[in-house]
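For ligands, and for the atoms within them, numbers begin at 1 and follow the listed sequence. Bear in mind the structure is a predicted one, so any value in this text is a computation, not a measurement. Values below: all heavy atoms of this structure, side chains included; hydrogens, waters and symmetry mates excluded.
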Amino acid sequence: MTSKEWQELAELLIPQKTLSLAELEKRYPPRRLPHQAWVTRIAPSPTGFPHFGFLYTAYINFRLARQTGGKFLLRIEDTDKKREVAGGRELIIATLKKMAIPVDEGPQKGGRYGPYIQSQRREIYLAVIKELVRRGFAYPCFCTPQELATMRRQQQAQGVQPGYYGSWARCRHLSLAEIKKKLARGQKFVIRFRAPEQAPALKITDLIKGPLTFPANQIDYILYKSDEQGLTLPVYHLAATVDDHFQRITHVVRGEEWLSSLPLHWQIYQALGWQPPQFGHLAQVMKLDQGKKRKLSKRLDPEADARYYWRQGIPPVAIKAYILRLSDASFDDWRRAHPCQPLTQFPLQIKHLAHSRGPLFDMTKLQQLARDEIHRLLLANPRRVYRAILSWAQEFAPDFAAIFSRQPAYSLKVIQIEKESRKDISQWQDVPNIFAYFYDELYQPPNWKEDLPERVDLTMAKKILLAFQQKFSGRETAASWEKKMRQLAADLGYAARAADWRKTPDQYRGHVGDVATVIRLALTGRRQAPDLYQVAKILGWPRVRERVENSILRIV
Ligand code: GLU
């Protein structure tokens with residue numbers, strides 16, 4: 001076709017008046033940002049609940065933008081209306097909020113380069129597709145699904161590359177007159193890319209994978225679909241390319257599953273005369289399954305679904321620390337050297353993301369990091385921990401939320417018990433159990449017949465509790481508490497120091513630890529618990545007395 005014919009075809013296919021590319025360039029001018037600033041984006045499709053891979057890609061993109069003084073955008077890629085689920089967009093926004101990954105521009109935040117929802121950017125895509133037709137880089141295809149299926153069968157039988165290309169691409173060779181005839185008959189069509197003939201191989205340097213070479217794309221992929229209302233929405237390849245350009249994205253960092261689309265995307269940039277952004281393709285997060293590596297899968301692995309983390313109450317700071325650790329093994333050393341710094345101070349390096357085989361997801365490591373991060377947070381800002389537990393509980397354990405928030409000052413003391421040394425919380429879900437005995441509704445008295453230490457019998461347990469009742473007043477200091485406890489042990493024939501008992505066990509019934517265990521059982525219902533003096537102080541003397549009294553009554 002001649003250039004004039006292509007122009008005519010463009011008007012025929014897209015009769016609406018559209019903006020010119022020059023007008024769009026003006027509407028979305030290059031950003032004024034520092035020289036090294038990265039503009040990145042996360043561009044999810046609202047097709048279901050976000051996956052761990054989404055959290056991973058979003059956080060990395062956010063960090064790369066923030067670190068360089070750039071911008072991080074959220075773009076909703078909802079051009080495939082068939083795959084969209086109701087509420088999908090809101091889920092994405094809520095997930096980023098929950099993760100505390102703020103976007104600089106997005107559907108809610110707005111911004112100079114919006115709209116940030118693809119289905120609201122139709123006029124831009126129409127302008128671009130019209131221009132592609134004008135330039136002879138796109139053409140209408142009238143092949144029916146049946147015809148395409150026949151083509152695929154023939155290709156299979158002949159053992160040739162499948163797809164719509166070369167001589168298989170029947171509509172690529174239609175004349176304008178033939179196209180007009182089909183249009184006049186009202187035949188349904190899509191618009192395909194007209195892949196350049198004999199293009200050279202694509203050589204690029206991926207930010208993560210390094211130098212790569214791809215054979216040039218030869219397939220005439222669909223760029224636009226139409227329905228009864230005409231051209232509705234473009235497919236991902238066109239929409240994403242156009243948006244990355246007009247939203248002035250400088251670095252596209254995305255999952256490696258998109259690597260195979262790169263040759264097509266590159267050709268679209270070239271057809272439009274645009275400078276492509278830089279690309280980095282992240283290896284997919286893997287999991288070890290019976291000794292074999294496979295992709296983390298939403299179907300097989302509960303932890304692949306972002307909801308898992310909310311339900312368990314694994315705080316975002318722990319997930320972020322883990323993402324940094326998965327991305328860059330130098331994170332552990334940095335954390336050791338900078339235990340108190342916020343994660344945003346960690347210099348994430350794109351070149352460290354270069355594990356070609358995919359980072360291995362390891363729940364044990366995530367839990368260990370979570371313990372460390374919660375411990376840090378507890379030291380730095382216990383009120384924040386209180387609020388985080390409460391908001392988790394309000395959603396997932398409302399009964400506990402009511403108990404926990406009845407006396408906020410009390411609960412704030414509870415969660416801080418031995419905070420310097422304890423690292424036993426890896427998820428908020430564990431909190432109700434860890435601290436249960438601080439709340440009367442959750443306290444479970446011990447089973448005196450079974451829980452006593454071996455060197456204490458029931459009669460002795462009762463004696464210990466009675467002696468405690470007599471000797472302790474509730475006004476003890478840490479030092480006098482300890483002294484009294486040792487005295488109490490000695491009075492009843494137990495060694496005041498465990499070391500003495502170890503030396504000459506025959507001289508004693510047992511040692512002070514056995515005696516303390518009886519008191520601990522009474523106060524907490526457990527053999528293991530933090531320092532008794534501190535537990536008693538937080539519980540308050542009336543509650544301590546009551547539990548000891550009830551215990552005495554219960555031991556028969
Ligand atoms: N919409 C694509 C997705 O759902 C985005 C791919 C890209 O980042 O280019 O992941």
Side-chain angles (χ1 to χ4, degrees), residues 38-65 71-85 87-93 95-96 99 101 103 105-107 113 115-121 124-125 128 193 204 206-209 212 214 217 221-223 225 233-269 274 276-285 295-298 304-306 350 353 358:
W38 287 31
V39 180
T40 64
R41 54 32 167 213
I42 180 82
S45 301
T47 50
F49 214 93
H51 186 273
F52 179 77
F54 166 75
L55 306 181
Y56 180 72
T57 314
Y59 188 55
I60 289 173
N61 272 287
F62 162 74
R63 290 299 309 273
L64 293 170
K71 300 274 179 212
F72 171 59
L73 278 65
L74 167 64
R75 182 172 76 224
I76 304 286
E77 301 210 321
D78 61 342
T79 58
D80 188 349
K81 290 293 173 195
K82 275 196 221 91
R83 288 184 57 227
E84 185 167 351
V85 299
R89 186 199 304 171
E90 289 73 20
L91 273 177
I92 290 166
I93 293 171
T95 302
L96 287 176
M99 273 293 280
I101 301 179
V103 303
E105 296 169 24
Y113 295 83
Y116 296 88
I117 299 173
Q118 287 188 328
S119 57
Q120 297 173 6
R121 295 171 67 83
I124 304 171
Y125 308 130
V128 173
F193 185 58
I204 66 152
D206 187 272
L207 291 163
I208 296 164
K209 298 200 174 289
L212 297 173
F214 299 91
N217 166 55
Y221 283 106
I222 296 176
L223 295 182
K225 293 190 177 167
L233 279 168
V235 302
Y236 155 75
H237 301 295
L238 182 69
T241 313
V242 167
D243 291 345
D244 286 338
H245 176 72
F246 284 121
Q247 292 181 326
R248 306 293 174 182
I249 303 296
T250 60
H251 294 76
V252 169
V253 177
R254 61 185 173 190
E256 67 186 354
E257 66 273 28
W258 302 104
L259 205 52
S260 58
S261 311
L262 196 55
L264 169 65
H265 294 185
W266 202 269
Q267 288 175 345
I268 298 176
Y269 281 107
W274 294 340
Q278 299 223 58
F279 290 95
H281 289 87
L282 291 164
Q284 293 205 324
V285 179
K295 279 183 219 154
L296 190 64
S297 133
K298 223 161 157 176
D305 187 328
I350 189 100
L353 286 164

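Here the closest heavy-atom approach between residue His237 and residue Ile268 is recorded as O-CD1, 4.0 Å.
Within a 6.0 Å sphere centred on CZ of Phe214, other residues, nucleotides and ligands contribute more than 12 heavy atoms.
Atom 4 (O) of ligand 1 has as its closest protein heavy atom Ser45 OG, 3.2 Å. Among protein heavy atoms, atom 10 (O) of ligand 1 sits closest to Trp258 CZ2, 3.5 Å. The protein heavy atom nearest to atom 1 (N) of ligand 1 is Glu77 OE1, 2.6 Å. For atom 5 (C) of ligand 1, the closest non-hydrogen atom on the protein side is Ala43 O, 3.1 Å. The single protein non-hydrogen atom nearest to atom 8 (O) of ligand 1 is Arg41 NH1, 2.5 Å, given as residue, atom name and distance. Of the protein's non-hydrogen atoms, Tyr236 OH, 2.6 Å is the one closest to atom 9 (O) of ligand 1.
Exactly one residue among Ile124, Asp78, Asp80 makes a side chain to side chain contact (heavy atoms under 4.5 Å, CB included) with Gln118. That residue is Asp78.
A donor-acceptor pair shorter than 3.5 Å cannot be found between the side chains of Asp243 and Tyr116. For the residue pair Gln247 / Arg41, no side-chain donor-acceptor distance below 3.5 Å is found, with atom types taken as modelled.
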